[in-house]
Amino acid sequence: MLELVDVTKVYPGGKRAVDGVTLRLEPGLIGLLGPNGAGKSSLMRIAATVTRPTSGTVVFDGVDVVARPDVLRRVLGYLPQDFGVYPNLSAREFLGYLAAAKGIPARTARRHIDHLLELVNLADVGRRPLGGYSGGMLRRVGIAQALLGDPRVIIVDEPTAGLDPTERVRFRNLLSELAADRVVLLSTHIVSDVESVASDMAVVAGGRLRRRGSPEELLREVDGLVWEVLLADPADVAEVQARHVVTRLVRTPGGVRVRLLAAARPYPGAAAVIPDLEDAYLALVDPRMHAATEVVRR
């Protein structure tokens with residue numbers, strides 16, 4: 001079990017990136033959702049012992065890993081949002097170098113690297129220099145290095161950035177399988193990255209934990225708050241966006257169909273619709289909806 005208790009991170013200049021977050025992480029896949037700048041990456045770096053919190057504790061299996069980070073690092077796989085490589089090395093050489101740094105025996109490492117390159121669909125280019133890889137290919141190398149040594153805790157920050165749709169599905173399914181017997185924490189601002197594989201979600205905004213729960217529990221947050229209205233004049237869209245949180249716009253021959261969040265029927269003719277997770281996510285991270293979701297919760 002990995003537990004973050006009342007964790008806060010304040011950077012020089014007074015920027016409070018993480019503000020009193022408590023998260024208890026047990027085996028399974030936890031989706032950490034939040035917009036860019038919400039504090040997700042800072043929280044992930046703290047959980048991965050890359051950054052020390054300004055206050056609060058991080059505990060792994062009863063050990064304070066702020067004081068003793070090696071206890072977690074020995075069993076950790078981590079993919080940061082900004083992942084660098086040595087461009088003159090091949091993928092095999094790079095993964096072999098990282099395996100040696102982790103203390104994995106060379107023969108074991110070779111077998112494991114072969115398997116990982118197959119998993120991330122890079123086996124046929126594993127001997128090419130990384131400097132010639134595309135952004136998506138480099139991201140897959142990052143995913144492979146996070147899985148070196150069969151870690152018990154896997155922390156991945158925006159792992160699908162740059163991946164094509166097929167690779168995104170492949171990686172989500174892989175994480176889902178790995179989460180059967182280990183902690184997997186996946187940070188993203190893309191709801192579709194987690195809605196099909198995570199039974200546990202945490203939503204952060206402004207450095208704070210807004211909500212933790214199952215997809216079903218998050219959907220209850222916006223029950224009765226989601227509406228659709230057809231605007232005959234496309235020029236009216238800007239006014240609607242200024243007044244409401246708009247979650248979707250679809251242009252049709254009859255006008256623009258707008259999906260929006262509101263505590264009560266926003267316009268004559270607006271119809272209540274069944275919410276989805278993207279509606280719930282936007283309701284939780286947009287300050288204009290905080291009062292409405294608090295009413296639903298009570």
Side-chain angles (χ1 to χ4, degrees), residues 28-34 36 40-41 43-45 47-48 50 73 75-104 106-198:
L29 195 154
I30 300 94
L32 183 66
L33 282 166
N36 292 329
K40 300 190 305 300
S41 292
L43 192 61
M44 300 287 267
R45 286 195 293 268
V50 174
R73 290 173 183 171
V75 295
L76 174 69
Y78 175 51
L79 174 61
Q81 188 171 5
D82 298 315
F83 172 70
V85 299
Y86 296 109
N88 294 326
L89 297 182
S90 71
R92 288 184 179 276
E93 291 168 337
F94 180 65
L95 292 172
Y97 165 74
L98 294 178
K102 288 189 172 188
I104 301 172
R107 183 175 297 179
T108 302
R110 282 194 294 272
R111 289 197 303 269
H112 198 188
I113 289 168
D114 286 341
H115 175 61
L116 289 174
L117 289 174
E118 289 284 352
L119 277 180
V120 299
N121 200 26
L122 290 174
D124 58 339
V125 295
R127 300 190 185 280
R128 281 174 42 187
L130 294 173
Y133 277 28
S134 68
M137 293 167 72
L138 290 174
R139 202 64 182 163
R140 282 183 270 156
V141 173
I143 291 165
Q145 66 81 30
L147 302 179
L148 274 171
D150 195 25
R152 291 174 56 200
V153 178
I154 300 171
I155 296 175
V156 286
D157 192 0
E158 302 283 356
T160 63
L163 300 187
D164 64 37
T166 300
E167 296 298 339
R168 292 168 78 97
V169 171
R170 179 198 292 262
F171 181 59
R172 290 200 302 257
N173 292 341
L174 172 60
L175 283 186
S176 182
E177 293 173 12
L178 292 171
D181 58 356
R182 67 197 85 196
V183 174
V184 178
L185 179 61
L186 187 162
S187 167
T188 183
H189 65 281
I190 303 170
V191 175
S192 60
D193 274 353
V194 293
E195 65 180 340
S196 61
V197 293

Visitor: Do the side chain of Y86 and the main chain of E93 share a donor and acceptor less than 3.5 angstrom apart?
Guide: no
Visitor: So, are D181 and R152 salt-bridged, with charged N and O less than 4.0 Å apart?
Guide: no
Visitor: Measuring from F171:CZ to R140:CZ, what's the distance to the nearest 0.5 Å?
Guide: 12.0 Å
Visitor: Can you measure from CD (E195) to CG (L33) and round to the nearest 0.5 angstrom?
Guide: 9.5 Å
Visitor: In Å and rounded to the nearest 0.5 Å, what is the CG to CD1 distance from L122 to I113?
Guide: 12.5 Å
Visitor: Look up atom OH in Y78 and atom CE in M44, then write down how far apart they are to the nearest 0.5 Å.
Guide: 7.0 Å
Visitor: Would you say the side-chain atoms of H112 pair up with the backbone N or O of G149, donor to acceptor, closer than 3.5 Å?
Guide: yes
Visitor: Can you tell me how far the OG1 atom of T160 sits from the CZ atom of R172, to the nearest 0.5 Å?
Guide: 7.5 Å
Visitor: Any idea which heavy atoms bring F83 and G142 closest together, and the distance?
Guide: CE2-CA, 3.4 Å
Visitor: Are L43 and L32 side-chain neighbours, meaning at least one heavy-atom pair lies under 4.5 Å?
Guide: yes
Visitor: Looking at G31 and A198, what are the two nearest heavy atoms and their distance?
Guide: N-CB, 4.1 Å
Visitor: Give the table of side-chain donor-acceptor pairs shorter than 3.5 Å for residues 184-192, with sequence neighbours excluded, one pair per line with atom names and distance.
Guide:
residue : atom : partner : partner atom : Å
S187    : OG   : D157    : OD1          : 3.2
T188    : OG1  : I190    : N            : 2.9
T188    : OG1  : D193    : OD2          : 3.1
H189    : ND1  : E158    : OE1          : 3.3
H189    : ND1  : E158    : OE2          : 3.0

Visitor: If I compare all heavy atoms of F94 with all of V141, which pair ends up nearest, and what's the gap?
Guide: CD2-CG1, 3.9 Å
Visitor: Which residues satisfy the side-chain hydrogen bond (donor to acceptor under 3.5 Å, both in side chains) test with N121, sequence neighbours excluded?
Guide: E167
Visitor: Mind listing the closest non-hydrogen atom pair of L163 and R139 along with its distance?
Guide: CD2-CB, 4.0 Å
Visitor: Does any N or O in the side chain of R182 come within less than 3.5 Å of the main-chain N or O of P151, such that one atom is a donor and the other an acceptor?
Guide: yes
Visitor: About how many Å separate OH of Y97 and OG of S90, when rounded to the nearest 0.5 Å?
Guide: 14.5 Å
